Amino acid sequence: MYNETDQKNLFNDLYKKHAPQVLRMCMAYTEHTAQAQDFMQETFIKVWQNLAQYRGEARISTWIYRIAVNTCLSHIRSAKNKIPDELKDDFDQSDDVSGVQKEQNIRQLYRAIHELAETDRLIISMVLEEIPYDEIAATVNITEGNLRVKIHRIKQELTKIFFKYEQL
Amino acid sequence: MNNFDDLAALWKAPAPEPLPDVADIIKKASREKNQVARKIFIQSSCMLLAIASLVYVVCAVHFHYFITYLGLAMMFICMISFAVVRFRQSRFLKRADFSQSPASLLNSFEDFHRRQQWVNTTGTFWYSVFLNIAFALYFYETVALAPIRVGWKWLFLAVYVVWMLIAMLWIGKRSVRKEHAKTRAIIEKLRAIKETIAETETH
């Protein structure tokens, strides 16, 4: 149990440490930056509201990623997931604007990730964030053995999609 | 660039996106929690006020008939039962751990939904019957035998019946519909997550 000041300090630390990772995970999940930011905020709102209930059974980072994964996945097949036109910015439009090769490659990477299945997007973003495999397995509730097989397949698929775009 | 390691390097290349201020997140989270807390506070205050009024009536007024006290006792039981059910429901929602596996969270929400359906159908039916019997017993002495004109008695009865019909058939049903819609939305989301994870496992 924490008092309010402890909780605020802990939350601050967690936010500084994990928010950038969670945001990148959300950006891998949805192709709209504004929506990714909404998902990230929703994740940390849940983290704040449930921090007192965190029982330490899993690592706190695993606990946060799980909330992030559940938050992202809960928006699938939801009617609320229709993107308002004003949010339709980001990768598609900026393609023509940027001339920098690196930026194009980054956009291409995100576009390739968005072609993967929903859970695969989240798994690969955690792999790219170098989150340990046992933690990823705990986050998505699958065995580590199963996860390794899956990661191998996703890496191959992602590389194939990415370089397919590069050839175009 | 020709392999996955190049993609991993690329992933870390962009400058980090600006993050919303942490204070804004805390403010938003607290606002949501305060809304729920305010709702619970208002409901609890109303309940306490009703119980206090009931206790005041029992202490201040000397009734001649046993059935009047019986009516008041039944009202008291109804209020307590209602409060206990509401308290248990809100405690479940407050304690729901959205970081646990979707499958186990789904099971607990499905259980909760089954109990909620029982409360809102069978439970509410017996609650209404019990409460109306309680009012009937109480009003026998305070209204039916009271030294007032018959016209007033009929008017009182009509107002009571109309109010009960509005409360049960309109306000009650609307609130039940809202509650069920919320629970179903959560269950549907959890089912979608569970199915997505199951699909991933089979690939």
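Keep in mind that what you see is a predicted model, and the values were worked out from it rather than measured. Letters A, B, ... are given to chains in the order of the sequence lines, protein chains preceding strands, and every chain is numbered from 1.
Among Lys8(A), Glu130(A), Gln41(A), the residue with the largest count of heavy-atom pairs under 4.5 Å with chain B is Gln41(A). Per-residue counts of heavy-atom pairs under 4.5 Å with chain B were compared for Leu128(A), Leu147(A), Ile45(A), Asn12(A); the largest is that of Leu128(A).
Rounded to the nearest 0.5 angstrom, Asp5(B) CG and Lys155(A) NZ are separated by 7.0 Å. The CD atom of Glu42(A) sits 10.0 Å away from the NZ atom of Lys28(B) when rounded to the nearest 0.5 Å. Note that OH of Tyr15(A) is 4.0 Å distant from CD1 of Ile25(B), once rounded to the nearest 0.5 Å.
At a threshold of 4.5 Å between non-hydrogen side-chain atoms, the residues Ile113(A) and Trp11(B) count as touching. Taking the side chain as every heavy atom from C-beta outward, Asp6(B) and Phe162(A) never approach each other to under 4.5 Å. Within the 4.5 Å cutoff, no side-chain heavy atoms of Ile154(A) are placed close to those of Phe4(B).
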Step-by-step side chain to side chain contact (heavy atoms under 4.5 Å, CB included) determination, Val22(B) to Lys16(A): CA-CA 9 Å; Val22(B) 66; Lys16(A) 272 187 210 147; over 6 Å; no

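Residue contact with chain B, scored on non-hydrogen atoms closer than 4.5 Å, involves the side chain of Leu23(A) exclusively. Residue Glu129(A) touches chain B through both its backbone and its side chain, counting heavy-atom pairs closer than 4.5 Å. The contact between Ser125(A) and chain B is made by backbone and side chain atoms together, counting heavy-atom distances below 4.5 Å. Only the side chain of Ile124(A) comes within contact range of chain B, with at least one heavy atom under 4.5 Å from a heavy atom of that chain.
The environment of OH in Tyr65(B) is sparse: at most 12 heavy-atom neighbours from other residues, nucleotides or ligands sit within 6.0 Å.
Thr159(A) and Leu7(B) make their closest contact through CA-CD1, 4.0 Å (heavy atoms, listed as atom of the first residue, atom of the second, distance).
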